[in-house]
Each structure stands twice: as C-alpha cells, then as structure tokens.
Amino acid sequence: MARILITSAIPYINGIKHLGNLVGSQLPADLFARYHRARGDEVMFLCATDEHGTPAELAATKAGQPVAEYCAEMWEVQDKLGKGFGLSFDHFGRSSSDQNHKLTQYFAGKLADAGLIREVDDQQMYSNTDGRFLPDRYVEGTCPNCGFEDARGDQCDNCTKQLDPVDLINPRSTISGSTDLEMRPTKHLFLGQSTMKDQLEAWIDSKNDWPILTTSIAKKWLNDGDGLQDRGITRDLDWGIPVKRGDQDWPGMEGKVFYVWFDAPIEYIACAGEWAEANGKAEADWQRWWRTDKGADDVRYVQFMGKDNVPFHTLSFPATILGSGEPWKLVDYIKSFNYLNYDGGQFSTSRGRGIFMDQALEILPSDYWRWWLLSHAPESSDSEFTWENFQQSVNKDLADVLGNFVSRVTKFCRSKFGETVPTGGSYSEQEEALIKELQEKLQFYQAHMEAIEIRKSASYLRAIWVAGNEYLQSAAPWAVYKEDPERAAAIVRFSLNLIRLYAVLSAPFIPDASKSMLTAMNADGAEWPDTIEEALGALEAGQEFTVPENLFRKITDDEREEWQEKFAGTRD
RNA sequence: GGCGGUGUAGCUCAGUUGGUUAGAGCAGCGGAAUCAUAAUCCGCGUGUCCGGGGUUCAAGUCCCUGCACCGCCA
C-alpha cells in the first residue's frame, strides 16, 4: 500500500473560480486522489484558499467588509462549491490560518539563519489618503514619454515603455483616486534564490519523468536573461502574515507582511496541521506526511497546477524547502496544465465570460462537468470548451453509452425476470471473450491513471463502457429469450455485473452516478477489482436490485443555445 | 520588442527516441437490430500533417525561415 500526498494549487480567495481554474488543478487532483483511495492506497489530499495580498483587500473594500470577514465568507463559498463538485479534500484549509502564520514565520527564520535572506532598502509610493503603500500597478498617471493619461506605475499601456511610479506625471492612486502621494523609503526582505540556482537546477534535471510543460517553464526561469533572480518576500500591507523571524520580532520589519507568494505554498504544509487539529490528530500524524525524518520518506508527493503556477512550485517553494536545511518533503511529481479556453477566447472573470463553478452547478449536476472537463483536460496544449462539443460528449458518452446501458439491462431484466439477478443458464465464449477484453482495457486504464494521463484514462474508461454495449448487442438476450430463456438469464446476470463493475471503475470520474449505480445494484461499498473475472461474479443469482432513474439526461439544442447566449459575457 | 507554446480529417484531439498504405472519438453517409434515454451495434476517411527551404536511404516527427493564433515578460 503506497502513501500518496496530493496537493492542488490553492485558489485565490477573491471570487468564484471558473471551469478553467477547476480543470487546471483541483479536479484532476481529485481524480487522482479518488483513484488511489480506490486502489487501497493511503492518501492525503490537501487544498486551501490563498487569502493574502492586495486583490483580497480591494475585493473586501468593494464588498464593504473587513478583509478577514470577507475571506471567511468567501472560504465558505469556495468550500461549498468544492463539495458541490465532489472534490474530496481531506482538508480544505486557509492560508490565513494560525498554523500557516507560525510555519511561514518559522521558515523565514530558518532561511535567515542559513544566510539566505537579505534586507534591501527601497523607495515606494505611499498614499496619504489611503494610508498605505501602493504596489506599482495601483498607481496611475500621465506617461512622461507619450502623454497617455492612464499609464500604470509599472508600464505605459499606450507606448509600452517600462516606467517607475515616480516618473508618472500627476500620479494618482487607483484605489481612491487620491493624488496625495509621496515616495517613502521602505525596506524589504529578499530570498536568495540566485545562490541556490545550481542546486535547484540539479534537482530539476533529476526529474526526467516530469511533463515537458513543467520542466521547460522551470528551465526558462533558471536560465533566461540574468538567470534566477532573488525575490522580494515582504510587502507593505496590513493583511497578511506579519514578518517575524521564527517567533522573534524582526527589527526594521515592523508593520510589514510576507508576500503572498511566499506564504501560499507553505500553506500546503500548514494545511496538514489544520487537518490534524480539525480531526483531533496529533502533531506526529501530519508530520508523517511532510517530514522525511518523521515517517514521510516513503511518501510520494504529487502537485497539480495550471502552467502559470509552475515557476513558484519548481523554484520558489523548493528554494524555501531546501534553503531551510530541514528534512521537509519535496515534491516528487508536478502535473501541470495548459489553459482551457472558452468558445474561441479566454475565460474572463472581469467580463463574466465563460462558466463559473456556481453557475455550472445551477444548470447541471457535477458529474456532467467532471466528465467533460476531465476527458478534455488541457494536458498537452490549451484546449477549447464549446457548447456543441459539451452537448455532444455528454449526450453520447454519458447518456447514450453508459446511462442507456444501465437502463436497457435493468429494464429488460425487470420485464422478463423481475428485479432479481436471474438464476440459471451458463456462460459461453462470449462472456469469456469480454472478460479478456475488459481485463486488457483495465490494465491500460490503470496504467494511464497512475501516469496521470487524464484524457487517455478517460478514453479507456469510455472504451470499457462501449465494450458492454458491443457484448449486449451480439449476445442479444431479447432474441435469445424466445428460444432459450436460461441462456438469456445468464446474459442478463452477466450484464448486471457489468453495471456494478462500471460503477466501481467510473467512480473517480463520476462519483455521484457511480454511487447511484452501486445503490441500484445493492452493491454499496464494492471495491476495485483484482481481476475482471472475479468482479463479474460478485452479484449472485437471486440477489435483488432496483431499476434506477436514468443516470444522465440529455442536453437539448434549446438549452445549448440558451446557455451559449447566457454565458457569452459582455465584450468590450 | 524578447521568450515560450500552438498550428494534423467538418469539430475536439492522439501521434513514443525520425521508419511500412497518418490515427481515435464525435459529426456525416449506408446497413443491422428493436431490450433501452429515437438509445445500441456493424461498415465507410486521399486529410497540400500552416507555407517555403534544408538534413537524411527515410520527416507530421530534426534544423532554418515565413505566416497565423495564444500566452508570459520587459
């Protein structure tokens, strides 16, 4: 029995995520977690909300709430939506947790002890009206080069010249519009990633089984331009984890917090601490997942994320771990995803373009989305959501191929033999052939699941469903019944067992439908098969079952058109 | 402007270290069957593998170049 630690990139707190976000990390991570649990492995699956930083503060202000209150509410919303999609986290934590505060400060202390943190003096725009320092992108003004009036502090969108906020003519705060700004001296901590470049590169080089997308992004950051740069890990904000060196104050850093990208990955670890606390576990219970000196040496750690998160997970976070000089668990495999586009363009939060998690669940159950998203996961390149494709895939794969199989078998049985697994008759070479075929397909399905080849896994699962229809069509119990009811009984008994098998094998993709199938077959708790032959003998003659409601309904053309229009968003 | 990605059948996509007549699912066309959510099953694919050069006995697969789309960065 293997031990597998799984983390999904943690979604930012300000608002509801769209389906592109979902398929880029949480959903495939859930698939992997469910699969390994089903295989009997010990799994720890963690995710959390990423709560710090300026966007959270601004969103809270806009909502007219204190930021802590806003985050708490949004956490509830995201937690509920995650459950709605069947995301089976062992714990859904918060980067603002007490555990993360302590652990982030602890890591900073260790990094400082190791000489990897230096203090840098800087000047930054301060808004007297807002009572805060303004990050570059929150200052706007007139471009000194081209006269464009809405140039940002970091760059002029009109002439593309790189700017410094101090260069702007008539600078103003984008938060309040105030022009009462001044440059103030400030001081920040930088993490000495550059001195760890060789160590990080050697580590990346040792990972020759990682997706090309993952390693190529890491290599680019390691070697592009002047190579890996030191990174500021503090900010002049109120909302965040106060800068401390372990549990000691950090002279000169009063009133500052750690940069969100420093504390967010540490939350992966802290989240396990939250899990322990929430479940009445001891410290050792979570440390055996994260400390190689305390039992985590046999853990395989797999991370899931969108490609925009790769640099932080291949370089910054490992720099934190390695730099600490302590035996924390490093990631073993990083599964990264490209982007899912929406109907010829990007999903856009600001323009309301595309489908968001709450809206998706309002119009269809989660299994429909899970199936489409996972079977079209953007693994090798950006992929595309279109309503036509969604409608066709759901109707064909779920309703026609799987759903109708369950329907035709159970209803035929009910009409000829009643709601009991029929007795009598014997199996023939037809059943033997199918067993052999399914055994083969199962091997491929499992191999792809283990390799986290999601689309390929989905296509093998689908092929397993199709094989059932092929069998039924050629065995034709409705025709056989007229001459040889005993033989028809055997075919139906075998087919009912196929339903049970499909439920088990499909559970990682479509857990709710899987549960309905198992309940209908009176087989709750059925386990992953050792062999197909054995699994197809699990339901015995005489056992009762029920004919379930149709597992999946079809999406009509009218609905498709309605939704297409509804989610098109407002273009500018 | 720099860097990276993508460009394969109507659609969504596979194509391992270059090697026989380029594949899958869907859609489409024809047929079988009638248990079932008009569902299922069988059969049918010559598509300048974006264009142009080049390397090679051999390139969708490597190199150069042009074009298009996308993303990141400055």
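Proteins get letters first, then strands, A, B, ... in listed order; numbering begins at 1 in each.
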Send over the distance from [X] [atom1] to [N] [atom2], rounded to a whole Å.
X: A:N395; N: B:rU12; atom1: CG; atom2: C1'; answer: 15 Å
X: A:Q392; N: B:rC11; atom1: CD; atom2: P; answer: 12 Å
X: A:R462; N: B:rC26; atom1: CZ; atom2: C1'; answer: 8 Å

Using Watson-Crick or G-U wobble geometry with both distances under 3.5 Å, which nucleotide pairs with [N]?
N: B:rC44; answer: B:rG28
N: B:rA59; answer: none
N: B:rC72; answer: B:rG2
N: B:rG23; answer: B:rC13
N: B:rA33; answer: none

Salt bridge or not for [X] and [Y], using N-O below 4.0 Å?
X: A:R300; Y: A:D332; result: no
X: A:R370; Y: A:D512; result: no
X: A:E486; Y: A:R493; result: no

Using the [atom1] atom in both, what is the distance from [N] to [M], to the nearest Å?
N: B:rU34; M: B:rU16; atom1: C1'; result: 44 Å
N: B:rC44; M: B:rA36; atom1: C1'; result: 26 Å
N: B:rG60; M: B:rG51; atom1: P; result: 11 Å
N: B:rC3; M: B:rU61; atom1: C1'; result: 24 Å
N: B:rU12; M: B:rG28; atom1: C1'; result: 16 Å
N: B:rA22; M: B:rU48; atom1: C1'; result: 14 Å
N: B:rA27; M: B:rC72; atom1: C1'; result: 36 Å
N: B:rG10; M: B:rU20; atom1: C1'; result: 29 Å

Exercise. Kindly say if A:K456 contacts the phosphate of B:rG15, meaning a side-chain N or O under 4.0 Å from OP1 or OP2.
Key: yes
Exercise. Examine A:H313 together with A:Y268 and report whether their ring centres are nearer than 6.0 Å.
Key: yes
Quiz item: A:S383 near the nucleic acid: base, sugar-phosphate alone, or nothing, with a heavy-atom cut-off under 4.0 Å?
Solution: sugar-phosphate
Quiz item: How is A:V547 classified with respect to the nucleic acid when contacts are heavy atoms under 4.0 Å: base, sugar-phosphate, or nothing?
Solution: nothing
Exercise. Scan nucleotides 33-38 of chain B nucleotide by nucleotide, 5' to 3', and note B when protein non-hydrogen atoms come under 4.0 Å of the base, S if they reach only the sugar-phosphate, - if neither.
Key: SSBBB-
Practice problem: Classify the ring geometry between A:W369 and A:F390 as parallel (under 30°), tilted (30 to 60°) or perpendicular (over 60°). | Solution: parallel
Practice problem: Give me the ring orientation class for A:F312 and A:W261: parallel if the planes are under 30° apart, tilted from 30 to 60°, perpendicular past 60°. | Solution: parallel
Exercise. Answer yes or no for A:K17 and A:F356: cation-pi contact, defined as NZ/CZ to six-membered ring centre under 6.0 Å and angle to ring axis within 45°.
Key: no
Quiz prompt | Partners meeting ring-ring contact (aromatic ring centres under 6.0 Å, His included) with A:H376 (sequence neighbours left out) | solution = A:W372
